[in-house]
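Keep in mind it's a predicted model, so treat the numbers as computed, not measured. By convention in this document, chain letters (A, B, ...) are assigned in the order of the sequence lines, proteins followed by strands, and residues within each chain are numbered from 1. All values below come from the heavy atoms of this structure, side chains included, with hydrogens, waters and symmetry mates left out.
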There are 2 protein chains.
Amino acid sequence: MTRYEKKIYEIINSSYDHMTAEDVFAELKKAFPSVSLATVYNNLNKLCDTGLIRRISCGDSADRYDRTARHDHLVCRKCGKLADITFDDITQPLKSRLGEDFLYYDLKVYYICPECRKKG
Amino acid sequence: MTRYEKKIYEIINSSYDHMTAEDVFAELKKAFPSVSLATVYNNLNKLCDTGLIRRISCGDSADRYDRTARHDHLVCRKCGKLADITFDDITQPLKSRLGEDFLYYDLKVYYICPECRKKG
DNA sequence: TAATAATATTAGAATAATTCTAAATTTAAG
DNA sequence: CTTAAATTTAGAATTATTCTAATATTATTA
């Protein structure tokens with residue numbers, strides 16, 4: 001692991017935000033002012049490939065990156081905002097169906113967030 | 001519903017592929033040769049907003065569109081290919097936790113597909 | 001009908017996220 | 001050290017999608 005890869009991993013894993021590549025770039029610059037955006041993308045891709053972080057694609061904007069510690073996501077269908085939530089772990093039924101090929105799962109639950117609910 | 005919206009809805013709902021906007025465009029052109037790509041995007045967005053179809057964002061390429069009939073997805077983490085699968089419906093626990101704000105959920109299960117497994 | 005308003009479509013420009021390229025730098029290995 | 005391999009870099013290129021503003025279609029009402 002290079003210093004950049006390591007630091008990016010730390011940034012993602014110590015954050016409860018759902019950071020975009022630009023967010024990570026801004027954060028990484030604090031430690032390494034001369035780092036380039038391409039390096040951020042390179043390392044985010046590498047970390048996703050090795051399964052150390054995960055990508056959350058929501059369609060309407062830039063991809064976000066998240067720690068892998070088991071949790072699910074709420075997505076507001078009005079404003080698109082993401083929130084963490086943890087539902088019961090459903091690994092077992094998936095694993096028993098897919099066997100060793102199973103890696104992990106990603107559960108997004110769509111809802112109307114409190115703010116949007118208020119606005120009507 | 002306009003003729004385009006209606007036809008796009010039909011295309012998505014009668015397909016078991018996971019079509020991109022370009023795929024839909026190509027298909028729609030068979031019925032309406034002069035239609036434009038912007039119309040496809042407009043109507044795909046409208047159909048997603050009203051919940052008549054759903055968007056599947058996988059991060060590494062263009063968004064895909066899918067019928068809403070209850071089913072889940074397998075995603076190969078090597079090649080990214082999508083496949084349909086249906087696991088037990090977990091609506092109830094989600095609904096009992098979120099109440100009326102709950103809309104629907106989207107479950108992606110990551111695995112290594114048979115082809116990539118073969119290649120090693 | 002005809003007139004008006006509202007909505008949808010269009011082509012192409014604009015934008016934004018991400019990847020690519022090829023050179024330069026850093027790290028690792030012999 | 002020297003060489004090879006991997007990483008980083010800046011900026012160009014690509015790609016998906018949205019935006020714009022003009023045109024066409026559809027719906028509404030007189």
(message) With a 4.0 Å cutoff (strictly under), does any side-chain N or O of B:Lys46 reach OP1 or OP2 of C:dT7?
(response) no
(message) Are B:Val75 and A:Leu44 linked, directly or through intermediate hydrophobic residues, by side-chain heavy-atom contacts shorter than 4.5 Å (ILVMFWY only)?
(response) no
(request) For A:Leu28 and D:dT8, give me the distance from atom CG to atom C1', rounded to whole Å. (result) 12 Å
(request) To the nearest Å, give me how far apart CZ (A:Phe32) and C1' (D:dA10) are. (result) 19 Å
(request) Would you indicate which nucleotide in C:dA11, C:dT9, D:dT8 comes nearest to any side-chain atom of B:Ser36? (result) C:dA11
(message) C:dT10, OP1 or OP2 - any side-chain N/O from B:Tyr4 closer than 4.0 Å?
(response) yes
(request) Rounded to the nearest angstrom, tell me the gap between atom CZ in A:Phe25 and atom C1' in C:dT19. (result) 16 Å
(message) Just the rounded figure in Å: distance from P of C:dT18 to CE of A:Met19.
(response) 14 Å
(message) Please classify the nucleic acid contact of A:Thr2 as base, sugar-phosphate, or nothing, using heavy-atom distances under 4.0 Å.
(response) sugar-phosphate
(message) Check whether B:Ser15 reaches the backbone of B:Ile12 with its side chain - one donor and one acceptor, N or O, closer than 3.5 Å.
(response) no
(request) Group every Ile, Leu, Val, Met, Phe, Trp and Tyr by side-chain heavy-atom contacts under 4.5 Å, then state whether B:Tyr41 and B:Leu47 land in the same group. (result) yes
(request) With rounding to the nearest 0.5 Å, note down the distance linking NZ in A:Lys29 to OG in A:Ser34. (result) 10.0 Å
(message) For a quick check, with a 4.0 angstrom heavy-atom cut-off, what is the B/S/- contact string for nucleotides 25-30 of chain C, read 5' to 3'?
(response) ------
(request) Between protein and nucleotides 14-22 of chain D, map the contacts as a letter string: B base, S sugar-phosphate only, - none, heavy atoms under 4.0 Å, written 5' to 3'. (result) --SSBB---
(request) Give every residue pair that meets the side-chain hydrogen bond (donor to acceptor under 3.5 Å, both in side chains) criterion with at least one member in residues 97-111 of chain A, sequence neighbours excluded. (result) A:Arg70-A:Tyr105, A:Asp101-B:Arg117
(request) Would you kindly say whether B:Asp23 and B:Thr20 are connected by a side-chain donor-acceptor distance under 3.5 Å? (result) yes
(message) With a 4.0 Å cut-off on N to O distance, would you call B:Asp49 and A:Lys78 a salt bridge?
(response) no
(message) Between the side chains of B:Lys7 and B:Glu27, is the shortest nitrogen-to-carboxylate-oxygen separation below 4.0 Å, so that they form an ion pair?
(response) no
